[in-house]
Structures are given as structure tokens and as C-alpha cells.
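Here the structure comes first, spelled out in C-alpha cells, and everything after it is commentary.
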Amino acid sequence: MSAFFDEIGDAQRAFIAAQPVFFVATAAAGARINLSPKGMDAFRVLGPKRVAYLDVGGSGNETQAHLTADGGITIMFCAFDNPALILRLYGHGTYVLAGTPGYDALAGHFPRLPGARQIFDIAVDSLQESCGWGVPHMNFDRERKTLAKFHAQQDPAERLAVIATRNRSIDGLPVTVQTVMPGWDD
């Protein structure tokens with residue numbers, strides 16, 4: 001049995017904060033559906049109808065391309081312990097690149113992660129809770145440090161040169177690339 005809600009309540013906020021992983025799904029006409037797992041303590045509830053997540057550079061930038069083309073996004077959290085629960089947030093998102101207006105204010109909500117490139121700012125239209133009884137029990141061991149180490153060892157100028165060449169999604173949709181690295185000293 002599922003239930004729908006118009007905004008994020010205290011219990012849902014606590015559930016979201018307790019999950020070490022979340023999943024992001026986006027799509028655009030004529031393109032593949034993108035579904036990505038995320039971690040790294042990069043998700044924040046900013047209000048009852050607003051959430052955001054810090055995006056670290058990885059293998060592609062499909063979410064940005066899809067949000068530019070369509071705007072729709074679904075975020076899913078699921079409990080791998082008790083009580084069983086799946087929570088989906090349905091909304092519309094935009095992105096704020098590092099070095100552009102608004103980035104620093106949003107970045108203050110997140111840890112300073114090497115390789116940060118943008119923050120996805122999402123207006124939540126509705127939420128759905130469902131049982132999650134088919135999700136297996138699993139134990140969280142630890143975050144992987146590989147991506148953070150990879151980005152931390154890169155020369156910023158060299159990284160930006162590589163990023164400049166990645167201005168299309170895998171389906172050829174345009175992607176706006178960052179032109180500066182976040183100005184963090186630590």
C-alpha cells in the first residue's frame with residue numbers, strides 16, 4: 001500500500017537523513033532514462049518542498065542534460081534495515097554550477113567534497129511512501145573514498161581542460177560545463 005504527500009514532514013526528513021544512499025532518475029525525449037546511485041553525504045532537505053544534492057564529477061552529466069531538456073526528476077530512498085520503507089520525491093530541478101551566482105550559498109549546506117561541480121536544486125511536487133518489503137536487509141559498511149581521492153589528486157587546470165570537452169550527454173544533449181573549481185582552501 002502506498003501513500004502520497006504534498007510536502008516533506010519531520011518523519012520523512014529523519015528517514016532521508018538516515019539513508020547512506022539515494023537514487024536519482026531523469027529522462028528526456030529521445031534519450032535514455034538515467035538512473036544513478038549517489039552517496040557521500042551529498043543530500044539535504046532545505047524545506048518542506050525543496051531539496052538539493054551536491055554533484056561530484058563522475059562518468060557523465062546526464063542529470064543536468066535531462067533537467068535542461070525536461071526538468072523532471074525523481075529521487076528514491078529505500079531502507080535496507082528496519083522498518084522497511086521506500087520514499088520517492090517527485091519534482092522539477094535546476095542546477096547551479098560551481099562559480100555561478102547562488103552556488104556558494106547552496107554549497108554551505110554540504111561537506112566540501114573534491115570534484116564538486118554543481119548542485120541540483122529540486123522543487124518537490126509530491127512524495128510517495130511504499131512498503132519496501134521486497135528490499136533486502138543489508139549493512140552499511142563505509143563510504144568509498146576512491147572518487148574523492150581521484151579528484152583531490154588532480155591539478156585543477158588539467159581537470160577543467162578535461163571537463164571543457166564534456167559538453168554533451170551520451171545521447172548528444174547539451175551540457176553546460178563548469179569553468180571554475182570551488183574555491184575551498186581545505
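Computed from heavy atoms alone, side chains included, the values below leave out hydrogens, waters and symmetry copies.
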TODO: Spell out, yes or no, whether I119 and I73 are grouped together once hydrophobic residues are joined by side-chain heavy atoms under 4.5 Å, including indirect joins.
DONE: no
Task: Parallel, tilted or perpendicular, as decided by the 30° and 60° cut-offs, for the rings of Y53 and F22 - done: perpendicular
Task: Charged N-O contact under 4.0 Å between D41 and R44 - done: yes
Task: Separation of T63 OG1 from L35 CG (nearest 0.5 Å) - done: 9.5 Å
Open item on the list: As an exercise, state the distance from OG of S130 to CG of L85, rounded to the nearest 0.5 Å.
Closed with: 7.0 Å
Task: Single-linkage hydrophobic cluster Y103~F120, side-chain heavy atoms < 4.5 angstrom - done: no
Open item on the list: How long is the straight-line distance from CZ of R117 back to CZ of R166, given to the nearest 0.5 Å?
Closed with: 8.5 Å
- [ ] Run the salt-bridge test on K49 and D6 with the 4.0 Å N-O cut-off and return the result as yes or no.
- [x] no
Task: From Q178, R168, Q118, residue fulfilling side chain to side chain donor-acceptor pair (under 3.5 Å) relative to N61 - done: Q118
Task: Within one Ile-Leu-Val-Met-Phe-Trp-Tyr cluster: L67 and F43, side-chain cutoff 4.5 Å - done: yes
Task: Residue pairs fulfilling side chain to side chain donor-acceptor pair (under 3.5 Å) with at least one residue in residues 7-24, sequence neighbours excluded - done: Q12-E129
Open item on the list: Give me the atom names and distance for the closest heavy-atom approach of A148 to P114.
Closed with: O-CB, 3.6 Å
- [ ] To the nearest 0.5 Å, tell me how far L127 CG sits from Y90 OH.
- [x] 9.5 Å
Open item on the list: Is it the case that the side chain of E62 and the backbone of I170 share a donor-acceptor pair, with hydrogens and angles ignored and the cut-off at 3.5 Å?
Closed with: yes
Task: Verdict with supporting geometry, H137 and N82, side chain to side chain contact (heavy atoms under 4.5 Å, CB included) - done: CA-CA 8 Å; H137 278 269; N82 286 330; 3.2 Å; yes
- [ ] Measure the CG-CG distance between L173 and D70 for me, rounded to the nearest 0.5 Å.
- [x] 10.5 Å
Task: Residue pair Q64 / L97, side-chain heavy-atom distance below 4.5 Å - done: yes
